[in-house]
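These numbers come from a predicted model, not from an experiment.
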2 protein chains.
Amino acid sequence: MNKGLSYKKVRKHKTLVESIVEDLQGKIIKGQLEPGQKMVEAELCEKMGISRSPLREAFRVLESQGFLAHEPRKGMQVSRVSLEELENIYVIRANLESLATNLAVKNEDPQILEELRRLHHEMIRVAQEDDTGAYHKLNLKFHEVLAEASLNQRLIELIDTFVKQTNRYRVVVFSTPGKLQASIQNHKDIIRSFEKGDAEEAERMRRAAILNNIEVLREHFTREEPANL
Amino acid sequence: MNKGLSYKKVRKHKTLVESIVEDLQGKIIKGQLEPGQKMVEAELCEKMGISRSPLREAFRVLESQGFLAHEPRKGMQVSRVSLEELENIYVIRANLESLATNLAVKNEDPQILEELRRLHHEMIRVAQEDDTGAYHKLNLKFHEVLAEASLNQRLIELIDTFVKQTNRYRVVVFSTPGKLQASIQNHKDIIRSFEKGDAEEAERMRRAAILNNIEVLREHFTREEPANL
DNA sequence: CGATTGTCGATTGTATACAATAATGGGCAT
DNA sequence: ATGCCCATTATTGTATACAATCGACAATCG
């Protein structure tokens, strides 16, 4: 079967470039494309059944988002993130998300609060069943709702990009024992701050949780070999 | 004279795409390309003496940065920023820059402090001469130094983009009377916090200054017509 | 007279072709 | 055997060509 053709079929209203961006982004996040891997245009074109123009445009988008990196005449490669850079990214993400949390609380939308509570209880349930996969999905949703409640479109998009970037190394963070319970407690705290209308407190809670991930990462990567981060 | 050819000559080590990005970005910031203006590919290609491929790649970069926006099949246009969006951007910028300031102070680099002092005194000088143009340049430099002192590369780039975006409407902010003196006072405060090593205070100072710009903008655009923001 | 549809032109989306440069490998000299 | 140089080749950078879609205007029908 020609795998390439499916691309053209799938796109209903999406343009080819968008499809390619999503596809490659997904593969990078999932680790199917490893950091440092060379992205040879002709090769990818053939595999995907597309031509170089849309691929190169997709490359530019992904580069802007930090998923790819290139030097002129040397070609694109999947961005290679050092531990230090990853820490840098986490610091930014912590700030952006805590800002969003602050704004979300200030907006005082009862429907948002309701949604957060629902997700929170759902997470408690799947945590008891030790379903980390389901938990991760709900967790993402929880923070997505929080971000969107900021009603700041630019911020929402920015956070989305940064979350995706850190998720490339999520596996590491989430496999840590106790992390799940800490996460649940954190959500509880945020919801409580939300109920109190204490935006600053919610902001601090959110920031602390994200920054804590850095510790986990640092610990992990000083023990084990830096591998091919 | 063929204006187009200069493009190819100028690039020494820069690729065409980079040159185009810089050029268009500059024109958008300076207002030479107005918000909402259609960017017809063929037209620009002829004017610039380039072909569509690099132009379209530059488009993608600029779109990622928020300077352009496009709908499929409808074409690119210079992004049209509502007052609300501009406020959103300022809120993000305030957060990013205050974060950078915090990190900068924590790094405690005496050379940075020295550089900030130098720029500060320079600004006081040109302010006395009412040279707002020179002041603006020094001001940009001041905050650039502050951002770079964070030593967080990703953050530095992000701030750069956001600063450029808000600078599209800088004219408005800076023509306000009293703004210059307030700006000088703010720098003084930040330097003092730096000397004390009080990162949190410096962070608050920086944030307050940027957020204040929003007020100025809002005032300006509720009096005057929203124009073609 | 208004609405609808068809056709044409303009413009974007995609593919291919050409040019320039960097990586590779083999031959030759030391 | 090893290191340097040159040629070859692979790959990116740029330009052009082709296809698909959208918008506007006009012709036709109710």
Side-chain angles (χ1 to χ4, degrees), chain A residues 2-25 28 33-34 36-64 67-80, chain B residues 2-25 28 33-34 36-64 67-80:
Chain A
N2 189 342
K3 188 184 165 194
L5 286 180
S6 63
Y7 267 85
K8 298 178 186 172
K9 301 256 177 67
V10 166
R11 104 192 131 95
K12 255 294 181 289
H13 279 281
K14 269 200 266 288
T15 175
L16 239 189
V17 176
E18 289 175 74
S19 304
I20 298 170
V21 167
E22 279 182 27
D23 181 59
L24 292 180
Q25 203 185 52
I28 292 171
L33 292 170
E34 290 186 7
Q37 184 166 338
K38 284 207 66 172
M39 304 286 276
V40 180
E41 294 173 5
E43 195 181 308
L44 282 169
C45 286
E46 197 175 3
K47 262 192 207 151
M48 300 175 132
I50 54 172
S51 73
R52 288 178 59 208
S53 312
L55 178 64
R56 284 175 63 87
E57 288 180 33
F59 274 2
R60 296 286 181 180
V61 174
L62 290 167
E63 187 178 24
S64 296
F67 291 103
L68 296 178
H70 95 292
E71 281 187 280
R73 294 268 158 211
K74 298 278 191 72
M76 277 287 180
Q77 54 174 232
V78 178
S79 69
R80 193 189 284 281
Chain B
N2 189 341
K3 188 183 165 195
L5 286 181
S6 64
Y7 267 86
K8 298 177 187 172
K9 300 253 179 70
V10 166
R11 100 194 133 96
K12 254 293 181 292
H13 279 280
K14 269 199 268 285
T15 176
L16 238 189
V17 175
E18 288 175 74
S19 304
I20 299 171
V21 167
E22 280 182 25
D23 181 59
L24 291 180
Q25 204 185 50
I28 291 172
L33 291 171
E34 290 187 5
Q37 185 166 337
K38 284 209 67 172
M39 305 285 276
V40 180
E41 293 174 7
E43 196 181 307
L44 283 169
C45 286
E46 198 175 3
K47 264 192 204 148
M48 299 174 135
I50 54 171
S51 73
R52 288 177 61 207
S53 311
L55 178 64
R56 284 175 63 88
E57 289 181 32
F59 274 2
R60 295 288 180 178
V61 173
L62 290 166
E63 187 178 24
S64 296
F67 292 102
L68 296 179
H70 97 290
E71 283 187 280
R73 293 271 161 208
K74 299 278 191 73
M76 279 285 179
Q77 55 174 234
V78 179
S79 69
R80 192 188 284 281

How close do B:Ser51 and B:Cys45 get, heavy atom to heavy atom, and via which atoms? C-SG, 3.5 Å
Taking only N and O in the side chain of B:Ser53, is any of them less than 4.0 Å away from OP1 or OP2 of D:dT14? no
Can you measure B:Leu55 atom CG to D:dT16 atom P for me and round it to whole angstrom units? 14 Å
Yes or no on side-chain contact (heavy atoms from CB on, under 4.5 Å) for B:Met48 and B:Leu24, after CA distance, side-chain angles and deciding distance? CA-CA 11 Å; B:Met48 299 174 135; B:Leu24 291 180; 3.5 Å; yes
Can you tell which of C:dT11, C:dA15, C:dG13 lies closest to the side chain of A:Ser51? C:dA15
Please confirm whether the shortest side-chain N or O distance from A:Arg52 to OP1 or OP2 of D:dT12 is below 4.0 Å. no
Shorter than 3.5 Å, N or O on both sides, protein versus nucleotides 19-25 of chain C: list them out with atom names.
residue, atom, partner, partner atom, Å
C:dA20, N3, A:Arg73, NH1, 3.3

Please determine whether side-chain contact (heavy atoms from CB on, under 4.5 Å) holds for the pair B:Arg60 and B:His70, giving the CA-CA distance in whole Å, both sets of side-chain angles, and the decisive distance to 0.1 Å. CA-CA 9 Å; B:Arg60 295 288 180 178; B:His70 97 290; 3.8 Å; yes
So, do A:Glu18 and B:Pro72 sit near enough that their side-chain heavy atoms are less than 4.5 Å apart? yes
Apply the test side-chain contact (heavy atoms from CB on, under 4.5 Å) to residues B:Leu62 and B:Met76: give CA-CA distance (whole Å), side-chain angles for both, the deciding distance (0.1 Å), then the verdict. CA-CA 10 Å; B:Leu62 290 166; B:Met76 279 285 179; over 6 Å; no
Backbone N/O of B:Leu55 and side chain of B:Glu41: donor-acceptor pair under 3.5 Å: no
Within a strict 4.5 Å, meaning less than it, do heavy atoms of the B:Leu44 and B:Phe59 side chains meet? yes
Atom CG of A:Leu44 and atom P of C:dA15 are separated, to the nearest Å, by 14 Å
As a quick check of understanding, evaluate side-chain contact (heavy atoms from CB on, under 4.5 Å) for A:Glu34 and A:Val78, giving each step before the final call. CA-CA 7 Å; A:Glu34 290 186 7; A:Val78 178; over 6 Å; no
Between B:Glu43 (CD) and C:dT12 (P), how many Å, whole number? 9 Å
If I take atom NZ in residue A:Lys38 and atom C1' in nucleotide D:dT11, what distance separates them, rounded to the nearest angstrom? 7 Å
Atom of A:Glu57, atom of B:Arg56 and distance for their closest heavy-atom approach: OE2-NE, 2.8 Å
Could you list, one pair per line, each protein nitrogen or oxygen that sits under 3.5 Å from a nitrogen or oxygen of nucleotides 6-9 of chain C, together with the distance?
none

Tell me the interatomic distance from B:Ile50, atom CD1, to C:dC18, atom P, rounded to whole angstroms. 22 Å
Partner nucleotide, any strand, of D:dG30 [Watson-Crick/G-U, under 3.5 Å]: C:dC1
Atom CZ of B:Arg56 and atom P of C:dT12: how far apart are they, to the nearest Å? 8 Å
Whole angstrom is fine here: how far is it from CD in A:Glu41 over to P in C:dT16? 15 Å
Atom-pair distance (CE on B:Met76; P on C:dT11), nearest Å: 16 Å
